Amino acid sequence: CAGQQRTPGSDPPAMSSIAAVGESYQKFNPRAYLQNNYMPPRANFSSEDCVVPWKLRCLADAFATGDIHGRTLIDIGSGPTIYQLLSACDHFEEIIATDYLEVNREVLRRWVQDEPDSFDWSPYIKHVCRIEGKGEQWKEKEQKLRGKLRQILPIDVHQPEPLGSQFCQPADALVSTFCLEAVSPDRPSFERALHNVTTLLQPRGHFLLIGALEETFYLAGEAKLSVVPVSEPDVREALSKTGYHIHDFRTYLMPPGLKIGVDDVSGVFFVHAQKAAVA
Ligand SMILES: Nc1ncnc2c1ncn2[C@@H]1O[C@@H](CSCCNC[C@@H]2Cc3ccc([N+](=O)[O-])cc3CN2)[C@@H](O)[C@H]1O
């Protein structure tokens, strides 16, 4: 349109913004990120009203339905965390973790290899064993997940083929936590990213999606990352436009005591959605 003149050959706005997001992630510090979100006060297991137990409960309840199972599950934008896979590991033969940054993939590899300087997920594993109520020993679950986490792959959700053209076998289920909104400069690119990752899922496959509500930034060490603020209706609309049926949608309002300056998130959403049978 008039007034939107760009120098010849420059990227269209969305493309340059996506490049800018990728650039901003070069300063992402996994340890700082883990400290901000996965240690106290946010990692408080004393009450199911706290945000981490709430997230683990959502995931445990979804898998307890018995509806979500198969050969392969892909975790989209795993970051340096594995808590999101604890309730999945009884229901899939293989779990594939993915992330854009090598530093995060290396953190995950070191946990799988039980390296001494790895993050201690044992409070999370013990909590999940407790709420699943199957009498599973936490070391057993830890080893089971390590055994199933056989691939840790690079991913870019802004690519039509997020795992590259060599990846051809769609998964039986997807999990993604706090990724799409944190890597998309605007709502259209958020919806395109959702479409892109949906190509990795079989028809009628299940998608468990956790994300931030109305967040505009978060910190990870020196990095200050921009986030596209999304509301519950925005997420519902994006899923519906991408052909999903929503089985369950839950929201968590961030209590003032957990607004600790590491981001401006107002809440967290959980969705259990199922991809349409045919395109
Ligand atoms: N193009 C790309 N494709 C795929 N992944 C990509 C791409 N670019 C970056 N990534 C990858 O995606 C990233 C995933 S971490 C995103 C963090 N999201 C915001 C943060 C999270 C959080 C956690 C917990 C709680 N809580 O209350 O408990 C609140 C909040 C709210 N703040 C990161 O691993 C990056 O490496």
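Read the numbers this way: they start at 1 and go in the same order the structure lists the ligands and their atoms. Sequential numbering from 1 along the given sequence is applied to the chain's residues. All values derive from a computational prediction rather than experimental measurement.
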Ionic contact status for Arg187 with Glu237, cut-off 4.0 Å: yes

Just jot down the salt bridge (charged side-chain N to carboxylate O under 4.0 Å, His left out) partners of Asp263, sequence neighbours excluded, or say none. Arg42

Sequence neighbours excluded, which residues qualify as salt bridge (charged side-chain N to carboxylate O under 4.0 Å, His left out) partners of Asp61? Arg57, Arg250

Side-chain donor-acceptor contacts of residues 223-232 below 3.5 Å, not counting sequence neighbours, with atom names and distances?
{"from": "Ser231", "atom 1": "OG", "to": "Asp234", "atom 2": "N", "distance (Å)": "3.2"}
{"from": "Ser231", "atom 1": "OG", "to": "Asp234", "atom 2": "OD1", "distance (Å)": "3.4"}
{"from": "Ser231", "atom 1": "OG", "to": "Asp234", "atom 2": "OD2", "distance (Å)": "3.0"}
{"from": "Glu232", "atom 1": "OE2", "to": "Arg236", "atom 2": "NE", "distance (Å)": "2.9"}
{"from": "Glu232", "atom 1": "OE2", "to": "Arg236", "atom 2": "NH2", "distance (Å)": "3.2"}

Scanning both residues in full, the closest heavy-atom pair of Leu163 with Pro154 reads CD2-O, 3.4 Å

At less than 4.0 angstrom from any atom of ligand 1, which residues have a non-hydrogen atom? List them by chain and residue number. Tyr25, Tyr33, Asn37, Tyr38, Arg42, Val51, Lys55, Gly77, Gly79, Asp99, Tyr100, Leu101, Asn104, Ile155, Asp156, Val157, His158, Phe178, Cys179, Ala182, Val183, Glu215, Tyr218, Met254, Asp263

For the residue pair Phe28 and Tyr218, does the interplanar ring angle fall in the parallel (under 30°), tilted (30 to 60°) or perpendicular (over 60°) class? perpendicular

